[in-house]
Amino acid sequence: MTFLHTVADLSTSHLTSGTASMQGANLSAVIEFILSGFSTFPHLQLMFFLLYLLMYLFTLLGNLLIMATIWREPSLHTPMYLFLCALSISEVLYTFAITPRMLADLLSTHHTIVLMACASQMFFSFTFGFTHSFLLTVMGYDRYVAICHPLCYNVLMSPRDCACLVAWSWAGGSVMGLVVTSAIFYLTFCGPNVIHHFFCHMPPLVKLACGDNVSTVAMGVGLVCVIVLLGCCLLILLSYAFIVAAILRIPSAEGRHKAFSTCASHLTVVVVHYGFASVIYLKPKGPQSLEADTLMGITYTVLIPFLSPIVFSLRNKELKNAMKKTFLNKFFLHSS
C-alpha cells in the first residue's frame with residue numbers, strides 16, 4: 001500500500017529517548033498499548049463506524065469480484081490480470097490487518113491491544129503494504145514489455161516467469177515486514193503506553209520507546225523504507241518513460257490510444273497511491289493535531305483501498321465487460 005507516509009512521518013518526527021534504559025533491549029515493561037485514535041471524536045464514532053464499515057465491505061466485495069472474474073473468465077488468464085489478481089489479494093489482506101480492529105474500537109470503550117497483537121498487526125500491515133508496492137512495480141514492468149517489446153512478450157512474461165515475479169513480490173513484502181517489525185519491537189517500551197493512532201503505526205509507536213538506541217533504530221528503519229519505496233517509484237517512472245516514448249512513435253492516433261488504454265488503470269492506481277501519500281505526507285510539517293493525524297491515516301488505510309477496485313473496474317474495459325458477462329448476464333438469466 002502506500003507507505004511513503006511512514007517514511008515522511010519518521011523522517012520529520014522529533015524522536016526522543018526515554019530517561020530510563022532497561023537491562024536487555026529485547027525486554028519490555030509494557031505488556032499492552034492503548035489505541036487512542038478516535039477518542040477525540042466521541043460524538044462521531046457511530047457515524048464513522050457505519051461509513052468505514054460500508055467502505056470496507058465495498059472494498060472486499062470489489063476485490064473479490066475482480067478475483068472471481070479473472071478466475072472464471074479464460075480470456076483474462078494473462079500476465080496482466082494475474083498480477084491484478086495478486087494485487088487484489090494483497091489489498092484484501094492489508095485492509096483485513098487493520099480495519100476490523102479499527103471498527104471494533106469504534107464501538108468499544110476498551111481500546112487496549114497486547115504487545116504481541118500490536119507486533120502482529122504491524123508485521124502484516126507492512127508485509128501486505130510493501131507487497132502491494134512491489135506488485136505495482138511488476139505491473140509497470142509488464143506494461144513496459146507488452147508495449148516496448150511485444151514480439152518478446154510471451155517469452156519474457158511466460159507463466160513461470162509471472163509466477164516467480166508474484167512470489168518474489170510476496171517474499172520481498174514478508175522480508176520488509178519482518179525487518180521493520182523486528183527492529184521496532186527490539187526497542188524497549190517502559191511507558192507511557194498510549195499510541196496516538198487507531199492502529200499500531202510505526203512513528204507514534206517509536207515515540208513511546210526509551211533507551212539510547214531509539215533514534216538510531218528509527219533512522220535505520222526509515223532509510224530502508226526510503227530506499228525500497230523510492231526504488232519502486234523510480235522503476236515505475238522509468239517503465240512509463242519508455243512506454244510513453246514507444247507510444248509516441250506509433251503513427252496512428254487510434255493505435256496510440258489503444259496502447260495507452262492498456263496502461264490506464266495501472267497508471268491511475270499508481271497516481272492515486274503515491275499521489276495521495278505525497279500530497280498528505282510529504283508536505284512541510286508543522287504543528288499537527290491528533291484529529292488531523294487520525295483523519296489522514298484513514299486516507300491510506302480505508303480510502304485508497306476503497307478506490308482501487310473502482311479504478312480497475314471502470315478504467316479497464318476488458319475487465320468491465322468480463323464482469324458483465326460473468327455475473328450480470330447470469331444474474332438476469334436466473335431472474336428471468
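None of the values given here were measured: they were computed from a predicted structure.
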Using the salt bridge (charged side-chain N to carboxylate O under 4.0 Å, His left out) rule, collect all pairs that involve residues 241-250, keeping only residues at least two apart or in two chains. none
Pairwise salt bridge (charged side-chain N to carboxylate O under 4.0 Å, His left out) hits with a residue in residues 92-115, at least two apart: Arg101-Asp105
Besides Leu61, the hydrophobic cluster formed by Ile, Leu, Val, Met, Phe, Trp and Tyr side chains linked at under 4.5 Å, directly or via other members, contains none
Apart from Trp168 itself, its cluster of hydrophobic side chains linked below 4.5 Å comprises none
Quick check against the 3.5 Å criterion: does [X] have a side-chain atom that pairs as donor or acceptor with the backbone of [Y]?
| X | Y | answer |
| --- | --- | --- |
| Thr262 | Ala259 | yes |
| Ser174 | Thr127 | no |
| Ser308 | Pro305 | no |
| Ser158 | Asn154 | no |
| Thr181 | Leu178 | no |
| Gln121 | Cys200 | yes |
| Arg256 | Ile247 | no |
| His111 | Ser108 | yes |

Check for me whether the distance between the ring centres of Phe33 and Phe189 falls short of 6.0 Å. yes
What do you reckon, are the aromatic ring centroids of His197 and Phe199 less than 6.0 Å apart? yes
[X]: what forms a side chain to side chain contact (heavy atoms under 4.5 Å, CB included) with it, not counting sequence neighbours?
| X | value |
| --- | --- |
| Leu54 | none |
| Leu107 | Leu46, Phe49 |
| Val179 | Val175 |
| Leu51 | Met55 |

Flag yes if Met116 and Phe123 sit in one hydrophobic cluster, no otherwise; membership is Ile, Leu, Val, Met, Phe, Trp, Tyr, and two members link when side-chain heavy atoms are under 4.5 Å apart. no
Disulfide (SG to SG under 2.5 Å): which pairs involve residues 55-91, sequence neighbours left out? none
Disulfide (SG to SG under 2.5 Å): which pairs involve residues 126-173, sequence neighbours left out? none
Closest non-hydrogen atom pair, [X] against [Y]:
| X | Y | answer |
| --- | --- | --- |
| Ala97 | Phe124 | CB-CB, 3.9 Å |
| His201 | Met122 | C-CE, 4.2 Å |
| Leu103 | Leu53 | CD2-N, 3.7 Å |
| Thr137 | Ser133 | OG1-O, 2.9 Å |
| Thr301 | Thr95 | O-CG2, 4.1 Å |
| Ser36 | Val194 | OG-CG1, 3.6 Å |

Between Glu73 and Ser75, is any side-chain donor less than 3.5 angstrom from a side-chain acceptor? yes
Does a side chain donor of either Tyr186 or Asn213 reach within less than 3.5 Å of an acceptor in the other side chain? no
Atom [atom1] of residue position [X] - does it have more than 12 heavy atoms of other residues, nucleotides or ligands inside 6.0 Å?
| X | atom1 | value |
| --- | --- | --- |
| Phe96 | CZ | no |
| Met47 | CE | yes |
| His77 | NE2 | yes |

Would you give the length of the straight line joining atom [atom1] of [X] to atom [atom2] of [Y], rounded to the nearest 0.5 angstrom?
| X | Y | atom1 | atom2 | answer |
| --- | --- | --- | --- | --- |
| Leu205 | Leu187 | CG | CG | 8.5 Å |
| Leu135 | Trp170 | CG | CH2 | 7.0 Å |
| Ser120 | Phe185 | OG | CZ | 8.5 Å |
| Tyr144 | Met157 | OH | CE | 12.0 Å |
| Asn193 | Ile113 | CG | CD1 | 12.0 Å |

Check the pair Val166 / Val138 against side chain to side chain contact (heavy atoms under 4.5 Å, CB included), numbers first and verdict last. CA-CA 8 Å; Val166 171; Val138 167; 5.9 Å; no
Before you tell me yes or no, could you show the steps for Glu32 and Leu115 under side chain to side chain contact (heavy atoms under 4.5 Å, CB included), namely the whole-Å CA-CA distance, both residues' side-chain angles and the distance that decides it to 0.1 Å? CA-CA 5 Å; Glu32 65 180 16; Leu115 191 71; over 6 Å; no
Can you list the steps and then say if Leu156 with Asp161 is a side chain to side chain contact (heavy atoms under 4.5 Å, CB included)? CA-CA 7 Å; Leu156 295 175; Asp161 292 331; 5.7 Å; no
Show every side chain to side chain donor-acceptor pair (under 3.5 Å) that has at least one partner inside residues 41-59, sequence neighbours left out. none
Acceptor/donor pairs from residues 225-244 side chains to any protein atom, 3.5 angstrom cut, sequence neighbours excluded:
unit_1: Ser239; atom_1: OG; unit_2: Leu235; atom_2: O; d: 3.0
unit_1: Tyr240; atom_1: OH; unit_2: His266; atom_2: ND1; d: 2.6

Picking from Leu65, Leu64, Asn63, what satisfies side-chain contact (heavy atoms from CB on, under 4.5 Å) with Pro309? Asn63
Take Val180 and Val224, measure what side chain to side chain contact (heavy atoms under 4.5 Å, CB included) needs, and give me the verdict at the end. CA-CA 9 Å; Val180 172; Val224 171; 5.8 Å; no
